[in-house]
Amino acid sequence: MSETGRRIEIGHTRGNVLLLKIRKDYLILLGAFIMMMLIAGYFIPDFWSINYQKELFRRSAILGILAIGQALVMITRGVELSIGASTMTLAIMAAIFFRETPVLMQYPWFITVIIIFLIGLLIGSVNGLLIAFLKIPPVVVTLGMMTALSGVTLVYTKGFPRGGAHPILMEFMSTSEVVGIPTIVVIWILIIILIWFILRLTKFGREVYAVGSNPVAAHKSGVHVEKILALIYAIAGLFAAASSLLYLGRVVVPALSVAPAGIGMDFLLSSLAIPVLGGVTFRGGEGSIIGVFIASLLYGTIRGILIALGFGTAGIAIFTGLIIAIVSIIKQITAR
Amino acid sequence: MAAASYYQNLKNFVSGYYMFMILAIVWGIFAVISPGFLTASNIYRIILFSTPLLIVSLAQNVVILTKGFDLTVGSLVSLTTVIVSVMMDWKWPLMVIIAIALIVGLIVGTFNGFCISRFKVDPFIITLSASFMLDGIALMIRPTPGGNIYPEFISGIMLYVSGFPVGPLLIFILVGIIGTLFLERRSIGRLIYAVGCTEERALLRGINVRRILLLVYILSGLLVSIGGLVYTAYIQIGDPNLGAPLLFASITAVFLGGTSAAGGIGRFPNTCAAVLLISSITTFLFQIQVITWYRYIINGVLLIGSAIFSKYVIEVRVRTGGI
């Protein structure tokens with residue numbers, strides 16, 4: 001009797017503590033976000049105008065959706081370094097499919113969208129299968145995938161910008177609104193709620209956290225670790241596809257800039273920094289999707305400030321590297 | 001009995017130097033496809049081009065032996081070429097430039113090592129974020145390739161003997177021998193293997209694991225900046241983008257060389273042969289005129305392939321008592 005009672009009590013207290021801790025994290029994040037907004041208001045003249053805010057949210061949505069994929073992978077103790085390259089590759093493929101492929105152009109636009117999602121799923125699945133079933137370290141697999149995808153894109157486009165976005169995508173990313181809120185932001189919030197629901201309230205979600213916090217224990221308690229891992233990387237591929245289409249809708253013709261290690265480095269940087277800011281750690285098994293949501297807004301604001309201050313790609317890279325390093329070290333110190 | 005020990009010796013020899021045999025087979029295949037491949041001058045060129053990669057691979061090998069990854073190697077090489085070229089534009093004395101380049105490597109290595117050994121941050125996060133920062137700094141200092149390298153610096157590394165660069169060959173042999181002796185004959189090398197094998201047990205044996213880890217990353221930073229200096233003499237320019245392929249190639253070489261990502265396994269001579277193999281593939285592709293962009297794809301496939309090789313050939317052999 002007393003044994004059962006105690007167990008329930010412990011569970012109860014732990015639940016409470018966890019809830020409080022998460023709320024404290026959210027408060028810190030929100031505080032940082034509001035502070036950054038005040039700083040941004042000082043540096044950027046029209047920051048508080050409704051148009052700038054809409055633009056900020058649209059921009060954050062692209063990176064925020066990509067960051068959900070990365071966050072899911074990071075919760076399972078992995079990392080997806082090819083997510084930037086696959087976003088860029090898919091954006092360029094979509095651009096060519098929309099404007100330069102007669103076979104696909106005779107069908108409605110959503111056929112191409114479905115194909116892009118399928119290719120994203122394929123890239124993610126290859127990563128997932130190599131990592132989950134062949135047990136190769138995620139860093140190595142995704143690094144290899146990153147450079148291979150860069151090569152595929154460069155060979156395919158011969159290094160020149162090609163193709164363009166479909167008008168529907170362009171409208172979707174610029175003027176389309178639902179009761180004054182950009183449609184993309186509404187969809188983003190719906191995705192956040194869906195993923196939050198899946199992670200917190202379904203068996204699959206609990207298993208994802210279990211795999212991340214201790215794969216051996218998860219395996220011993222009957223979780224099919226390989227299946228979960230493979231699925232998570234495949235889902236990350238889907239998020240990369242979604243983000244690539246949104247990016248295409250925004251820039252219309254994707255520019256190919258070959259950064260040192262491959263294409264799409266900018267996406268990779270943001271996709272790593274946002275979950276880290278949002279409380280997801282590379283140790284796995286912790287962090288929540290709401291934190292990622294707030295962090296993408298925070299990161300979007302910080303980027304806005306950096307760009308307004310005249311920092312280019314290089315400055316953003318340095319700053320993002322610093323964020324990841326500092327937050328990881330702080331997490332590591334406070335965890336002990 | 002004698003036959004058995006003879007067989008055992010042969011087996012040990014094969015497993016110790018298997019990569020050289022694979023290299024010979026690959027060279028044979030390339031020679032059949034492209035007749036100009038197996039000439040003395042071409043082989044010499046392969047060794048020439050693999051010297052910077054060998055130095056960087058030694059750094060990567062030492063780090064991977066301790067279950068880590070050093071993702072800063074590519075960015076640090078880029079940064080070194082950029083810094084050296086900029087300071088040479090300012091006409092600074094050569095010794096000062098070399099000293100500053102080495103100090104930069106030391107700082108990066110110490111930062112990595114300190115965060116990893118003191119705060120127990122996962123090596124790949126800290127080196128990844130450091131590589132982002134280094135890339136950014138290199139791009140800020142020199143956004144596009146350029147700069148002039150002192151002729152005496154180039155000739156000092158290349159050591160031309162009647163128009164023939166001897167320096168790279170000497171460095172290659174020197175690094176190969178020093179690396180092997182350091183890892184296999186010195187006590188510090190054995191300690192690195194011990195830390196990589198099982199950190200907890202090494203700790204129980206009284207090994208100062210923290211100090212070894214710190215040393216490993218400092219050594220890696222120093223070696224990579226030396227590699228960057230040699231690379232600068234090769235490309236004779238400062239370029240913020242040129243280092244990145246070395247990152248992929250160095251990890252590939254270490255895995256092909258039989259070092260396992262699980263740490264504590266692997267021998268450096270095999271890594272030397274793997275470096276030659278990678279340079280041979282690059283040279284061969286250049287000879288049969290494959291566009292540079294395909295090399296990204298081949299790099300990626302080789303990297304993943306080498307990891308599978310390391311996982312399934314090496315680790316299984318070790319478990320069954322080979323090597």
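As the structure is a computational prediction, the values presented were derived from the model and not from experiment. In what follows, chains are A, B, ... by sequence order, proteins preceding strands, each numbered from 1.
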Peer 1: Which region of A261(B), side chain (C-beta onward) or backbone (N, CA, C, O), has a non-hydrogen atom less than 4.5 Å from a non-hydrogen atom of chain A, or is it both or neither?
Peer 2: side chain
Peer 1: Might you point out which heavy atoms bring F248(B) and M146(A) nearest each other, and give the distance in Å?
Peer 2: CZ-CE, 4.2 Å
Peer 1: If you measure from CD1 on I329(A) to NZ on K120(B), what distance do you get to the nearest 0.5 Å?
Peer 2: 13.5 Å
Peer 1: If you count heavy-atom pairs under 4.5 Å between each of I137(B), L302(B), V301(B), L303(B) and chain A, which one has the most?
Peer 2: L303(B)
Peer 1: Check whether L134(A) gets within reach of chain B through its side chain, its backbone, both or neither, counting any heavy atom under 4.5 Å.
Peer 2: both
Peer 1: As an exercise, state the distance from CD1 of I318(A) to CG of L139(B), rounded to the nearest 0.5 Å.
Peer 2: 8.5 Å
Peer 1: Less than 4.5 Å to any heavy atom of chain B: does that hold for the side chain of F319(A), its backbone, both, or neither?
Peer 2: neither
Peer 1: If you measure from CZ on F132(B) to CD1 on I323(A), what distance do you get to the nearest 0.5 Å?
Peer 2: 12.0 Å
Peer 1: Between I316(A) and chain B, with a heavy-atom cut-off of 4.5 Å, which part of the residue counts as in contact: side chain, backbone, both or neither?
Peer 2: neither
Peer 1: Side chain, backbone, both or neither: which part of V139(A) has an atom under 4.5 Å from a heavy atom of chain B?
Peer 2: side chain
Peer 1: Given the options I308(B), N299(B), I304(B), which has more heavy-atom pairs under 4.5 Å with chain A than any of the others?
Peer 2: I304(B)
Peer 1: Quick one, K331(A) with F119(B), criterion side-chain contact (heavy atoms from CB on, under 4.5 Å). Give me CA distance, side-chain angles, the key distance, then yes/no.
Peer 2: CA-CA 10 Å; K331(A) 285 263 169 183; F119(B) 302 128; over 6 Å; no
Peer 1: Is the CZ atom of F133(A) crowded by more than 12 outside heavy atoms at less than 6.0 Å?
Peer 2: yes
Peer 1: Got a second to check how far F282(A)'s CZ is from I125(B)'s CD1, nearest 0.5 Å?
Peer 2: 5.0 Å
Peer 1: Name the member of A273(A), P137(A), G144(A) that forms the most heavy-atom pairs with chain B at distances under 4.5 Å.
Peer 2: G144(A)
Peer 1: Select, from V141(A), V276(A), T320(A), L143(A), the one with the greatest count of heavy-atom pairs under 4.5 Å involving chain B.
Peer 2: L143(A)
Peer 1: Can you give me the closest heavy-atom contact between Y296(B) and G151(A), atom names plus distance?
Peer 2: CB-CA, 3.3 Å
Peer 1: So which part of V79(A) gets closer than 4.5 Å to some heavy atom of chain B, the side chain, the backbone, both or neither?
Peer 2: side chain
Peer 1: For L134(B), which atoms come within 4.5 Å of any heavy atom of chain A: side chain, backbone, both, or neither?
Peer 2: neither
Peer 1: Please state whether the side chain, the backbone, both or neither of F69(B) comes within less than 4.5 Å of a heavy atom of chain A.
Peer 2: side chain
Peer 1: Atom OG1 of T147(A) and atom CG of L247(B): how far apart are they, to the nearest 0.5 Å?
Peer 2: 9.5 Å
Peer 1: Crowded around Y193(B) OH? As in, over 12 foreign heavy atoms under 6.0 Å?
Peer 2: yes
Peer 1: Under 4.5 Å from any heavy atom of chain B, what part of L272(A) do you find: side chain, backbone, both or neither?
Peer 2: side chain
Peer 1: Between L128(B) and chain A, which part of the residue has a heavy atom less than 4.5 Å away: side chain, backbone, both or neither?
Peer 2: side chain
Peer 1: Using non-hydrogen atoms and a 4.5 Å limit, figure out which bit of I136(A) sits close to chain B: side chain, backbone, both or neither.
Peer 2: side chain
Peer 1: I need the residue from G315(A), A317(A), S328(A), S82(A) with the largest number of non-hydrogen atom pairs under 4.5 Å to chain B.
Peer 2: A317(A)
Peer 1: What is the minimum heavy-atom distance between A325(A) and M133(B), and which atoms define it?
Peer 2: CB-CE, 4.1 Å
Peer 1: Using atom types as modelled and distance alone, determine if a side-chain donor or acceptor of S129(B) lies under 3.5 Å from a backbone N or O of L322(A).
Peer 2: no
